[in-house]
Amino acid sequence: PFEDIITDFPQAEILMIVRDPRASIAGLFHGRAKHFGHLPDYTFNMTMECWFQGQDMWRKYRDLLGPRYKIIKNEDLHDDLETNMRAIAKWLDIDFSEKMLYSTFPSGKPCLPDSLYREEGKPLIQYEDIFYLPENVRKRWMEVLKDPKEILMIEVLLKDIFKEFGYKRMTKDTYLS
């Protein structure tokens, strides 16, 4: 609802998080397959449409809002949460607080990480430090996106996102089998 937000709040500041599209898409595919027992046919098209909309929003609003629009990489938050939260606080012109380093619900109750990749019966909080290591994230998405043509489509269709946010592609723009 960007148009409504900007109309209702002309000085709004928009903060968004982007994630490696392959990891994001694979996570959705994994969850759908787990939920339905298979990956519904429309899933790839629906997912790519969402990414295209996000890409269009990013292009339009980065120029329209300028410094009032900030996108941070999810991977950067996992890599160095405090430095990134300090930068966000500075951007928002608010004082940094240690509380910004802990995920909570409005009630103050901790919001524990959740993932459909989590092993049944094993709370993610017990192994969160290793779960989010880049090599483990990559291993998970590569187990879901097994077809090199699938990875190629994602990387080519979203190449501007890969380039702008520094996600290293595995493929070139052309594919020879």
Side-chain angles (χ1 to χ4, degrees), residues 1-3 5 13-81 83-85 87-88 91 103 111 113-119 124 127-177:
F2 267 71
E3 298 295 334
I5 293 169
E13 294 175 322
I14 307 291
L15 175 64
M16 296 179 71
I17 297 176
V18 68
R19 183 177 183 205
D20 182 324
R22 297 162 300 198
S24 176
I25 291 168
L28 183 122
F29 286 7
H30 176 77
R32 291 283 170 97
K34 195 172 183 178
H35 178 75
F36 293 112
H38 67 283
L39 190 61
D41 291 338
Y42 62 85
T43 305
F44 185 84
N45 290 348
M46 179 207 64
T47 303
M48 291 311 298
E49 285 293 327
C50 289
W51 273 94
F52 292 154
Q53 182 183 20
Q55 188 170 252
D56 289 346
M57 288 169 34
W58 157 61
R59 286 183 182 131
K60 179 179 180 179
Y61 293 104
R62 72 174 173 197
D63 297 332
L64 185 66
L65 297 176
R68 293 186 296 124
Y69 186 58
K70 182 174 185 65
I71 299 178
I72 188 155
K73 289 172 56 176
N74 180 64
E75 295 82 2
D76 290 347
L77 290 171
H78 286 287
D79 184 48
D80 188 350
L81 181 61
T83 298
N84 284 283
M85 290 308 293
I88 290 169
W91 176 75
S103 182
C111 179
D114 191 18
S115 171
L116 288 174
Y117 287 112
R118 180 175 50 88
E119 295 174 39
L124 183 56
Y127 62 114
E128 182 180 2
D129 292 343
I130 60 169
F131 187 81
Y132 291 114
L133 290 174
E135 59 269 20
N136 291 336
V137 171
R138 180 183 171 98
K139 180 181 173 187
R140 282 192 297 276
W141 69 252
M142 287 190 74
E143 287 174 359
V144 174
L145 302 177
K146 294 177 183 171
D147 186 343
K149 291 178 185 175
E150 204 168 37
I151 295 171
L152 174 69
M153 283 193 297
I154 293 167
E155 291 181 353
V156 169
L157 293 171
L158 300 174
K159 67 182 174 186
D160 291 347
I161 288 176
F162 278 82
K163 184 177 179 181
E164 178 72 19
F165 297 102
Y167 293 114
K168 186 175 175 164
R169 289 179 48 178
M170 296 175 62
T171 64
K172 298 191 181 336
D173 281 340
T174 58
Y175 182 80
L176 303 173
S177 45

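Contact of the Pro40 side chain with the Arg32 side chain is registered, since non-hydrogen atoms from C-beta on lie closer than 4.5 Å. Ile161 places a side-chain heavy atom less than 4.5 Å from the side chain of Trp58. Side-chain contact between Glu13 and Trp91: present, with at least one pair of heavy atoms (C-beta onward) separated by less than 4.5 Å. Here the side chains of Trp51 and Gln55 are not in contact, with every heavy-atom distance at 4.5 Å or above. Considering only heavy atoms from C-beta on, Ile14 comes within 4.5 Å of Phe2 through its side chain.
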Could you go step by step and tell me if Leu157 and Phe52 meet the side-chain contact (heavy atoms from CB on, under 4.5 Å) rule?
CA-CA 8 Å; Leu157 293 171; Phe52 292 154; 3.9 Å; yes

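Residues Phe131 and Arg140 share a closest heavy-atom pair of O-NH2, 2.7 Å. When all heavy atoms of Ile154 and Phe44 are compared, the closest pair comes out as CG1-CE1, 4.1 Å. Shown here for Phe29 and Leu39, the closest heavy-atom pair between the two residues is O-CD1, 3.7 Å. In terms of heavy-atom proximity, Val144 sits nearest to Ala26 at CG1-O, 3.6 Å. When all heavy atoms of Glu143 and Lys146 are compared, the pair lying nearest together is O-CE, 2.6 Å.
The structure places CG of Leu28 at 7.0 Å from OG1 of Thr43, a figure rounded to the nearest 0.5 Å. Note that CE of Met16 is 4.0 Å distant from CE of Met57, once rounded to the nearest 0.5 Å. Interatomic distance, NZ of Lys73 versus OH of Tyr167, reported as 5.0 Å (0.5 Å rounding). Atom CG in Asn74 sits 12.5 Å away from atom CZ in Phe165 (nearest 0.5 Å). Atom CD1 of Ile25 and atom CZ of Arg19 lie 10.5 Å apart (nearest 0.5 Å). The line from CE of Met170 to CZ of Phe162 is 10.0 Å long, rounded to the nearest 0.5 Å.
With respect to Lys60 and Glu3, a salt bridge is recorded, a charged nitrogen being found less than 4.0 Å from a carboxylate O. Salt bridge annotation for Arg22-Asp20: present, with a cationic side-chain nitrogen under 4.0 angstrom from a carboxylate oxygen.
Within the 3.5 Å criterion, the main-chain N or O of Ile88 finds no donor-acceptor partner in the side chain of Lys70. Not one N or O on the side chain of Glu155 forms a donor-acceptor pair closer than 3.5 Å with the backbone of Arg169.
Atom CG of Asp41 sits in a sparse spot, with 12 or fewer heavy atoms from other residues, nucleotides or ligands closer than 6.0 Å. Lys159 NZ: 12 or fewer foreign heavy atoms inside a 6.0 Å radius. Within a 6.0 Å sphere centred on CD of Glu135, heavy atoms belonging to other residues, nucleotides or ligands number more than 12.
Of the options Asp80, Leu81, Asp79, a side-chain contact (heavy atoms from CB on, under 4.5 Å) to Leu77 is made by Leu81 and by none of the others.
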